[in-house]
Amino acid sequence: MEPTIIDGKAIAAQIKEEVRLEVEKERAAGREVTLAVILVGDDPASAVYVRNKKKACETVGIRSLSLELPADTDTETLLSHVRELNDRKDVDGILVQLPLPAQIDEQKVLRAIDPMKDVDGFHPVNVGLLAIGEPQVVSCTPAGVIELLVRSGVEIAGKEAVVVGRSNIVGKPMAHLLLQRNATVTIAHSRTKDLKEVVKRADIVVAAVGKPRMITSEYIKEGAAVIDVGINRDAETGKLCGDVDFDDVAPVCSAITPVPGGVGPMTIAMLMKNCLELSRIRQR
Ligand code: L34
């Protein structure tokens, strides 16, 4: 059976249109929604993602401020910029693009962002709220994965979901969100014994490991839904590829996301949604 290819680009466009209409209403009421993005250094992939974020802001009518700092910026300097943005009444969301250069204390920076302006949901307060089932702002990538599943008609409640990868940004929040929607959730990782067998139990697989095409058909139960969070560059062709071997897995699954055009665009759409939401919460 042919699987459904989940079109993340189209679903992201739909979400951005919904956000655009709401941002328009805010503007009509005299409120401007503003996102501040900080990019440190000149990582080419980060530059692409930040550019896509700014473009999305334009599409939905969110004002974007951008701060580009040199690669040798130190922690204190970055902190002072974050604090200044915390204090600005005209800034609704603050995003510090990761990864940061090695000399910067990333955890210190993420903790300095006002939790009420934390569009990424990376602050421990927001992570904790998610963990107790009272999310305020949720990390954009896992939030985007849930939207993809829901809007493609993939049922979550009662299903076996296996998240491969345990990062703070994707794996852990992903597991919480699936749990909140009543899936039976397993977090698998590099130290998991019999990884193939564990992943093969899943009705829903979320791959977020950062290993090009690692998930082959041998890991997948017939009819599973497979969401590929990986964004890797193929060493030979230089092309973008996911953590899932798409051509191998597609024939055995019921639904699958491509890379590019799957989860990536959703991350950005959810960022727009989070920024709008934060602006509304702050007005109350
Ligand atoms: N603070 N740092 C912070 N927040 C985030 O949510 C991110 N992430 C990850 C990296 N660092 C971050 C992103 O924005 C990954 N990420 C991201 C965003 C957008 C895209 C990929 C990753 C994206 O636009 N992907 C396109 C292809 C882009 C290309 O051609 O390279 C896609 O279709 O998948």
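Remember, it's 1-based here, ligands and their atoms both numbered in the order they're listed.
When only interatomic distances are considered, the shortest N/O to N/O separation between V96 and ligand 1 falls below 3.5 Å. Residue Q97 has at least one N or O atom closer than 3.5 Å to an N or O atom of ligand 1. Considering backbone and side-chain atoms together, G261 places an N or O closer than 3.5 Å to an N or O of ligand 1. Residue I268 has no nitrogen or oxygen atom sitting less than 3.5 Å from a nitrogen or oxygen atom of ligand 1, judged on distance alone. Of the N or O atoms in T141, none lie within a sub-3.5 Å distance of an N or O in ligand 1.
Protein non-hydrogen atoms do reach within 4.0 Å of atom 27 (C) of ligand 1.
With salt bridges taken as basic N to acidic carboxylate O contacts below 4.0 Å, one links E17 and R20.
Ligand 1 places these atoms under 4.0 Å from at least one heavy atom of P265: 32 (C), 33 (O), 34 (O). Atoms of ligand 1 found under 4.0 Å from any heavy atom of I231, numbered from 1 in the order shown, are 21 (C), 22 (C). Proximity to L240 (heavy-atom distance under 4.0 Å) selects the following atoms of ligand 1: 27 (C), 29 (C), 30 (O), 31 (O). Each of the atoms 4 (N), 5 (C), 6 (O), 7 (C), 13 (C), 14 (O) of ligand 1 lies under 4.0 Å from some heavy atom of K53. Within ligand 1, counting atoms from 1 as listed, the ones closer than 4.0 Å to a heavy atom of R233 are 31 (O).
Scanning the protein heavy atoms around atom 25 (N) of ligand 1, the nearest turns out to be G264 CA, 3.7 Å. Nearest protein neighbour of atom 11 (N) of ligand 1, counting heavy atoms only, is L98 O, 2.8 Å.
Using a 4.0 Å cut-off between heavy atoms, D120 contacts ligand 1 through its side chain alone, with no backbone atom that close.
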